[in-house]
Every structure is written in C-alpha cells, then in structure tokens.
Visitor: 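One structure, as structure tokens, below. Some questions next.
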Amino acid sequence: QVQLVESGGGLVQAGGSLKLSCAASGRTISSYTMGWFRQAPGKDREFVAAISWSGGNTPYADSVKGRFTISRDNAKNSVYLQMNSLKPYDTDVYYCAASRFREIAPARNEGRYDYWGQGTQVTVSS
C-alpha cells in the first residue's frame, strides 16, 4: 500500500505561483509512474501532468504546457508540481496519484492509477 499526502495549496492572485508537494509513504515510489490531476466542483477529474519512473517522460495537458512543471525526487519519495502564471481557471482541488505500472503512454487515464491523495485546494483570484 502507498499513502499520498498533498500540500502547498492556497490562495494566490492571477499571475502568481505555487509549488505543490506530494509525500509518499508505505513503500518506495521509485518505480512508479506519478501524476497530478485536478477537479472543480461539479466537474470531472482532469489530467494535469505525469512523470515516468525515470523522470525522462513528462506529458502535460495542453492547458498547462509552458506554465506548470512536474518533477520527482525518489530519494525523498516525493513528487512536485511547480505552477507559474496561474490563472483563475486553474482554481481546483489538485490530486496526486501513483501507478504501479511503468508505461507512460496511458498516464492521462485516471483509471491507470492505483493510489490517490486527499487533494489540496488551489484558488486563483482575478
């Protein structure tokens, strides 16, 4: 079992930055594909970014390309999401997720993930 805990959310003005962290426990995630998803009230969960076990592949949603950066530190058993140039439509609950499979191709599909964090709220004011 893997437990995931997100942190770093908060309230920022449009154009500002936040860095989200995801701390894993229970077992190492060094061989796991890791992802970030987000969800607004009444909306479906949507893919934001993912990172392969090696860190060499990092697909992003078109809406965040050039603004968000996903990274991982396997020595710390953690994953991060640096968010720059935030916009009001980025307001969502952000979730960290872990997949026991190494394949990066299906990483945009939330059904491929085995473990999920509780979420952290990000609010961007105009």
Side-chain angles (χ1 to χ4, degrees):
Q1 290 291 315
V2 175
Q3 294 80 45
L4 304 174
V5 179
E6 303 97 334
S7 62
L11 174 64
V12 298
Q13 291 185 318
S17 298
L18 283 174
K19 186 175 183 178
L20 306 183
S21 298
C22 173
S25 61
R27 63 178 299 170
T28 179
I29 59 169
S30 60
S31 63
Y32 283 50
T33 297
M34 303 297 296
W36 286 97
F37 290 76
R38 64 187 184 184
Q39 187 172 29
K43 301 292 182 65
D44 292 335
R45 190 172 299 176
E46 67 172 326
F47 171 79
V48 176
I51 186 167
S52 62
W53 71 274
S54 67
N57 289 305
T58 55
Y60 293 91
D62 289 342
S63 60
V64 306
K65 284 182 179 178
R67 299 189 298 123
F68 291 10
T69 303
I70 188 171
S71 61
R72 68 191 301 161
D73 187 340
N74 287 340
K76 296 181 178 180
N77 222 30
S78 297
V79 182
Y80 308 96
L81 185 68
Q82 178 66 51
M83 304 186 294
N84 298 326
S85 301
L86 284 162
K87 300 178 180 180
Y89 65 71
D90 294 317
T91 296
D92 285 306
V93 175
Y94 284 71
Y95 297 90
C96 176
S99 172
R100 63 193 299 173
F101 303 105
R102 291 186 173 185
E103 294 83 3
I104 195 66
R108 297 174 185 268
N109 182 359
E110 65 179 301
R112 294 290 295 179
Y113 293 85
D114 303 290
Y115 308 103
W116 294 83
Q118 82 291 343
T120 186
Q121 176 71 48
V122 172
T123 303
V124 184
S125 62
S126 59

Visitor: In terms of hydrophobic clusters joined by side-chain contacts under 4.5 Å, are L20 and Y60 together?
Guide: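 Yes, one cluster joins them.
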Visitor: Compare every heavy atom of S17 with every heavy atom of Q82, then report the nearest pair and how far apart it is.
Guide: NE2-CB, 4.0 Å
Visitor: Taking side chain as C-beta onward, heavy atoms only, is Q121 less than 4.5 Å from T91?
Guide: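 Yes, at least one pair of side-chain atoms sits under 4.5 Å.
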Visitor: Where the side chain of R72 meets the backbone of S52, is there a donor-acceptor pair that is under 3.5 Å apart?
Guide: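 Between the backbone of S52 and the side chain of R72 there is a qualifying donor-acceptor contact (under 3.5 Å).
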Visitor: Can you find a heavy atom in the side chain of V79 that is under 4.5 Å from one in the side chain of I70?
Guide: yes
Visitor: Under the salt bridge (Lys or Arg N to Asp or Glu O under 4.0 Å) definition, can you give me all pairs with a residue in residues 4-17, not counting sequence neighbours?
Guide: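 Pairs touching residues 4-17 that pass the test: none.
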Visitor: Which residue pairs pass the ring pair (Phe, Tyr, Trp, His ring centres under 6.0 Å) test with at least one member in residues 19-52, sequence neighbours excluded?
Guide: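 Of all non-adjacent pairs touching residues 19-52, those that pass ring pair (Phe, Tyr, Trp, His ring centres under 6.0 Å) are F37-F47, F37-Y113, F37-W116.
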Visitor: Looking at CD of Q118 and OG of S7, how far apart are the two atoms once the value is rounded to the nearest 0.5 Å?
Guide: 8.5 Å
Visitor: Kindly give the heavy-atom pair with the smallest separation between V2 and A24, and that separation in Å.
Guide: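 Residues V2 and A24, closest heavy atoms: CG1-CB, 4.3 Å.
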Visitor: Quick one: are V64 and R38 in side-chain contact, heavy atoms under 4.5 Å?
Guide: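 Sidechains of R38 and V64: in contact.
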Visitor: Under the 4.5 Å side-chain heavy-atom rule for ILVMFWY, direct or indirect, which residues accompany I104?
Guide: none
Visitor: Heavy-atom count check: over 12 atoms from other residues, nucleotides or ligands less than 6.0 Å from R27 CZ?
Guide: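 Check fails, neighbour count at 12 or below.
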Visitor: Are Y80 and W53 grouped together when hydrophobic residues (ILVMFWY) are joined by side-chain heavy atoms under 4.5 angstrom apart?
Guide: no
Visitor: Report yes if some heavy atom in the side chain of E46 is under 4.5 Å from a heavy atom in the side chain of D92; otherwise report no.
Guide: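 Touching, per the 4.5 Å side-chain cut-off.
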Visitor: Identify the two heavy atoms, one from S78 and one from A23, that lie closest to each other, and give their separation to 0.1 Å.
Guide: OG-CA, 4.0 Å
Visitor: Could you tell me the separation between the OG atom of S30 and the CG atom of N74, rounded to the nearest 0.5 Å?
Guide: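 The OG atom of S30 sits 5.5 Å away from the CG atom of N74.
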Visitor: Does Y89 reach the side chain of V124, with side-chain heavy atoms less than 4.5 Å apart?
Guide: no
Visitor: Is M83 reachable from Y95 through a run of I, L, V, M, F, W or Y residues, each pair having side-chain heavy atoms under 4.5 Å apart?
Guide: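 No; tracing contacts between hydrophobic side chains, which count when under 4.5 Å, never links both residues.
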Visitor: At what distance, to the nearest 0.5 angstrom, does CE of M34 lie from OG of S71?
Guide: 11.5 Å
Visitor: Given side chains that start at C-beta, do those of F101 and T33 come closer than 4.5 Å, heavy atoms only?
Guide: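 Not in contact.
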Visitor: Could you tell me whether the side chain of R112 and the main chain of R100 form a donor-acceptor pair under 3.5 Å?
Guide: no
Visitor: Would a 4.5 Å heavy-atom cut-off, applied to side chains only, mark T28 and N77 as touching?
Guide: yes
Visitor: Could you pull out the closest heavy-atom pair between K43 and Q39, with the gap in Å?
Guide: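 So the minimum-distance heavy-atom pair works out to O-NE2, 3.0 Å.
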Visitor: Mind checking whether L81 and V12 sit in one hydrophobic cluster, side chains of I, L, V, M, F, W, Y counted as touching below 4.5 Å?
Guide: yes
Visitor: Does any part of the side chain of L86, heavy atoms only, come nearer than 4.5 Å to the side chain of F68, both counted from C-beta?
Guide: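 Yes, close enough: below the 4.5 Å cut-off.
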Visitor: Measuring from I29:CD1 to K76:NZ, what's the distance to the nearest 0.5 Å?
Guide: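 Output value for this atom pair is 13.0 Å.
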Visitor: Looking at D90 and R67, is any side-chain nitrogen of the basic one under 4.0 Å from a carboxylate oxygen of the acidic one?
Guide: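 A salt bridge links R67 with D90.
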Visitor: Which atom pair, heavy atoms only, marks the closest approach of R108 to P59?
Guide: NH2-CB, 3.9 Å
